[in-house]
Amino acid sequence: MDSLSLSGICRHQFLPITMLDFNQSNHRIEKAGFVRKPETGGLTITQVASPLRRPVIVPSLDNETVDRRDRNHVAWTSVRQERWEGELVVQGEIPLWLKGTYLRNGPGLWHIEDYNFRHLFDGYATLVKLQFENGILIAGHRQIESEAYKAARKNKKVCFREFSEVPKYENFMAYVGDIAKLFSGASLTDNANTGVVKLGDGRVVCLTETQKGSLVIDPNSLETLGRLEYSDSLGGLIHSAHPIVTDAEFLTLLPDLVNPGYLVVRMEPGTNERKVIGRVNCRNGPAPGWVHSFPVTEHYVVVPEMPLRYCAQNLLRAEPTPLYKFEWRPESKAFLHVMCKASGKIVASVEVPLFVTFHFINAYEEEDEDGRGTAIIADCCEHNADATILDQLRLQNLRSFNGKDDLLPDARVGRFTIPLDGSPYGKLESALEPDEHGRGMDMCSINPTKLGKKYRYAYACGAQRPCHFPNTLTKLDLVKKKAKNWHEAGAVPSEPFFVARPGATEEDDGVVISLISEKNGNGYALLLDGSTFEEIARAKLPYGLPYGLHGCWVPKE
Ligand SMILES: CC1=C[C@H](O/C=C(C)\C=C\C2=C(C)CCCC2(C)C)OC1=O
Ligand SMILES: CC(/C=C/C=O)=C\C=C\O
Ligand SMILES: [Fe+2]
C-alpha cells in the first residue's frame, strides 16, 4: 500500500480518529504536499497524501524515488507520523471476553532531520495500543514525549546519551562538560523505549535502562503524563529494564557500578519509594554483569551475573564499540545468586557456564517429597554465550536482509538448574532441541498466573531460516519439548503477548497478541489462539508500524 492509496483506505476502513504528522516541526516541507525524504539526506521529493489530505512522511533510505517496499522493511523504518488512532476492520472474530488494552512500546523513530541512528535500541519511543471491547478493535500509536525526544525535535539533533548515540560535541571542552553531566545522570537519556508496565495502583509506566526514563503515560490517549520520580534516596542511574510487576509489588535490580554488585529493591503500589530487600556483591570482575532482566520464583529473586559486563570506559566513549556500553569478560565467569525475598539473605550463589541473555522467561522452585526446596529452575532466551547478537541489532544489518543470507546467530531456551544444597555449580542446558524453533529465540511471554511457578508453556519469537532477525511466533511446550511455529514470508512479528481468558483453568487458555510488520510495508494486529496457536483474527493497520519490543495488558475494569 502506498501513501496515496492510504487516503482512500483510511476513510473507508480505518475511520481515523486523530492524526498528527511529523511535518509540523520535525521535517522540512519543501512545498505543500511534498516532503523531503527524511532518512536520505538527499533531495528526492516524494508526493504523498494522508487520510486528511495533509502531507505525511514516507520515510525512505533510498536516494531515488522508487518503491521503498522492495528495499527497506517497514519494521526498521521510522514511524511515519507522530500519532494516529482509529478503528480497524477485523477479519475473523475477536473473543468477546477480550476487554482491555494491549500496549506495546519500542524504539520507532531512528532519525533526527538528516541524521540516521545506527542501532535498533536508539530509536525514540513509539507506543502502540490495541483496545479491545465487544469484538471491536481501536488501534493507535503515539510518540512518547521524553525530554530526550522533545529536545531532539526542538534542537534538531541528539541532545542526550542514548543506547549508542551520543550528542555531537562542538569541541573538546563540550565533551568534557558532557562527561561531567554523565556522572550526575543529567546527560543520560530518558527515552523510555523498551517496555511498558501497569503498576498495582493503576499507573502505566514506560521504561528503559535509565531510572530517569520511567515515564507515566495515559493508556487511552497514550499521552505522556510525566516522570515517575522515585522518592527514595537509593541513587544510582540505571536499573533493569524489566522489573517484575504484579498487583502487589514492583521488584527491580539496581546495578552498582562503583562497588560491583546489585541492590534488589521493592516498591509497593501507591508509592514511589523503593525499599532495599538486600544486596548481592559480584563474585568476580571489575563491574556487574548487564541485567536487562532477571527472574523470580515464589520465594526468591535470582540475580544474574553475566560475563557481559557494564564498562565504564565504553560508557564514556563518544563513538559506539561493538559491544556498546558493555564488554565481554569470560575470565570474570558467570554466576547466579539466589536471594530470599522475605529476608534478603543469599541462599545460593553458583557458578554457571558462560551465557548471554536479554530475557529471562520464568523460574520456579523444585521440591522433594517433604516440600523442601531442592533447586531452582530458571529459563531464558540464551544466545549461546555469544554477545555479538547486540551488534547484529544494528539497523544496517536488519535492513540489509535480501531473503537469502542467514545472519541471525543461534539462540535457544537456556534452562539453568541452581541447586539449593550448597553445591558451588549450577547447570545450563537447552530446555528443548533448538531446531524446534529454527535456532532463533527471544522476546518471550508466559501466562502471568504462572510467574515464579512451575509452568509448561511460553510464547516467543523463533526463526525460519534464512533470516537476520527472529521472524516466527512460537509456542513452546516445555514438557513435551516441542514448538509450534507461525510464520508469514517476509513478515517481522513482535513479541507474542499472552492474555489469559478470565476464569481459565488451563495454562494456555487465552489469546496471543502480536503486531506484524509486513514485507510490502503494510502491517496488522494478529490474534492467535493460545492453545491451538491458530489464527483467530487479524486487523489491518492503515500503514505498517516499526518493530516494537515489549508490551503489557491493561484490563478494562
Ligand atoms: C535492550 C535495550 C536497550 C535500551 O537501552 C537504552 C539505554 C539508554 C541504555 C543505556 C545504558 C546501558 C545499556 C548500559 C549502561 C548505561 C546506560 C547508558 C544507561 O533499552 C533496552 O532495553
Ligand atoms: C530484539 C531483541 C532484544 C530486545 C531487548 O529488549 C533481541 C532479538 C534477538 O534475537
Ligand atoms: Fe527487553
Side-chain angles (χ1 to χ4, degrees), residues 1-6 19-23 26-27 35-42 44-50 55-84 104-128 139 141-144 149 152-153 162-163 165 191 193 392-403 467-471 488 490-494 515-525 540-549:
M1 175 174 64
D2 60 34
S3 291
L4 289 166
S5 58
L6 185 70
M19 192 214 70
L20 210 98
D21 67 56
F22 273 132
N23 298 321
N26 200 30
H27 298 288
V35 293
R36 176 196 281 260
K37 293 172 82 181
E39 292 187 272
T40 62
T44 314
I45 306 297
T46 308
Q47 185 173 19
V48 292
S50 76
V56 292
I57 283 165
V58 179
S60 170
L61 291 164
D62 301 319
N63 279 317
E64 311 134 63
T65 309
V66 291
D67 186 346
R68 75 188 173 89
R69 294 174 295 183
D70 294 335
R71 298 288 191 86
N72 297 304
H73 203 289
V74 69
W76 321 119
T77 302
S78 290
V79 67
R80 65 170 65 182
Q81 55 198 44
E82 171 99 331
R83 60 189 285 202
W84 178 86
R104 189 199 72 177
N105 195 1
L109 182 79
W110 293 284
H111 67 273
I112 283 295
E113 294 286 297
D114 290 343
Y115 181 74
N116 296 312
F117 295 176
R118 285 164 284 189
H119 199 278
L120 171 66
F121 294 157
D122 283 320
Y124 292 111
T126 303
L127 195 56
V128 183
H141 68 81
R142 185 164 177 171
Q143 290 305 103
I144 295 180
Y149 173 69
R153 294 272 311 261
E162 301 295 335
F163 173 77
E165 297 292 340
N191 171 25
N193 68 1
Q392 294 288 324
L393 300 177
R394 260 181 302 113
L395 292 162
Q396 191 190 34
N397 176 50
L398 301 173
R399 286 169 179 158
S400 70
F401 183 53
N402 60 8
C467 60
H468 286 194
F469 192 78
N471 57 359
E488 241 174 47
V492 180
S494 68
L515 284 153
I516 315 295
S517 307
E518 291 178 278
K519 191 174 178 226
N520 63 7
N522 295 339
Y524 59 92
K540 196 170 187 293
L541 294 154
Y543 41 84
L545 292 174
Y547 182 71
L549 295 172

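Along the sequence shown, residues carry numbers from 1. Just so it is clear, the model here is predicted, and its values are computed rather than measured.
- Across every non-hydrogen atom of Gly123 and Asn191, the tightest pair is O-ND2, 2.9 Å.
- With hydrogens and angles ignored, the 3.5 Å screen pairs a side-chain donor or acceptor of His73 with a backbone N or O of Gly490.
- Of all the heavy atoms in Asn471 and Ala491, the pair that sits closest is CB-O, 3.8 Å.
- By the salt bridge (charged side-chain N to carboxylate O under 4.0 Å, His left out) test, Glu518 is found to be paired with no residue, residues two or more places apart in sequence or in another chain being considered.
- From Leu515, atom CG reaches atom CZ of Arg104 across 4.5 Å, with rounding to the nearest 0.5 Å.
- Pro493 approaches Pro470 most closely through the heavy-atom pair CD-O, 4.3 Å.
- The nearest pair of heavy atoms linking Ala125 to Asn105 is CB-OD1, 3.7 Å.
- Scanning all heavy atoms of the two residues, the minimum distance from Ala152 to Ile112 falls at CB-CD1, 3.7 Å.
- Applying the ring pair (Phe, Tyr, Trp, His ring centres under 6.0 Å) rule to Phe117 yields the partners Tyr124; only residues at least two apart in sequence or on another chain are considered.
- To the nearest 0.5 Å, atoms CG (Asn116) and CG (Leu395) are separated by 9.0 Å.
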Subject >> Chi angles and distances behind the side chain to side chain contact (heavy atoms under 4.5 Å, CB included) call for Val492, Leu398 >> reply: CA-CA 11 Å; Val492 180; Leu398 301 173; over 6 Å; no
Original post:
Passes side chain to side chain contact (heavy atoms under 4.5 Å, CB included), Arg118 versus Gln396? Steps please.
Top reply: CA-CA 7 Å; Arg118 285 164 284 189; Gln396 191 190 34; over 6 Å; no
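- Among residues two or more places apart in sequence or in another chain, the ring pair (Phe, Tyr, Trp, His ring centres under 6.0 Å) test is passed with Phe469 by Trp76, Tyr547.
- Partners of Pro107 under the side chain to side chain contact (heavy atoms under 4.5 Å, CB included) rule, at least two apart in sequence or in another chain, are Trp110, Leu120, Asn193, Leu549.
- Under the 3.5 Å distance criterion, the side-chain polar atoms of Asp122 are matched with a main-chain donor or acceptor of Phe163.
- Shown here are the side chain to side chain contact (heavy atoms under 4.5 Å, CB included) partners of Gln392, two or more places apart in sequence or in another chain: Ile389, Asn397, Leu407, Pro409.
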Original post:
Under the side chain to side chain contact (heavy atoms under 4.5 Å, CB included) criterion, do Phe121 and Leu393 qualify, and how do the steps go?
Top reply: CA-CA 8 Å; Phe121 294 157; Leu393 300 177; 3.6 Å; yes
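- The distance from the CG atom of Leu109 to the CD1 atom of Ile144 is 12.0 Å, given to the nearest 0.5 Å.
- In this structure, CG on Asn72 lies 5.0 Å from OG1 on Thr77, to the nearest 0.5 angstrom.
- To the nearest 0.5 Å, atom CG of residue Leu127 and atom CZ of residue Arg83 are 11.5 Å apart.
- For the side chain to side chain donor-acceptor pair (under 3.5 Å) with Thr126, the qualifying choice from Arg142, Gln143, His141 is Gln143, the only one to do so.
- Contacts of His468 classified as ring pair (Phe, Tyr, Trp, His ring centres under 6.0 Å), with partners at least two apart in sequence or in another chain: Phe401.
- The nearest pair of heavy atoms linking Val74 to Asn522 is CG1-O, 3.9 Å.
- Note that the OH atom of Tyr543 and the OG atom of Ser517 stand 12.5 Å from one another [nearest 0.5 Å].
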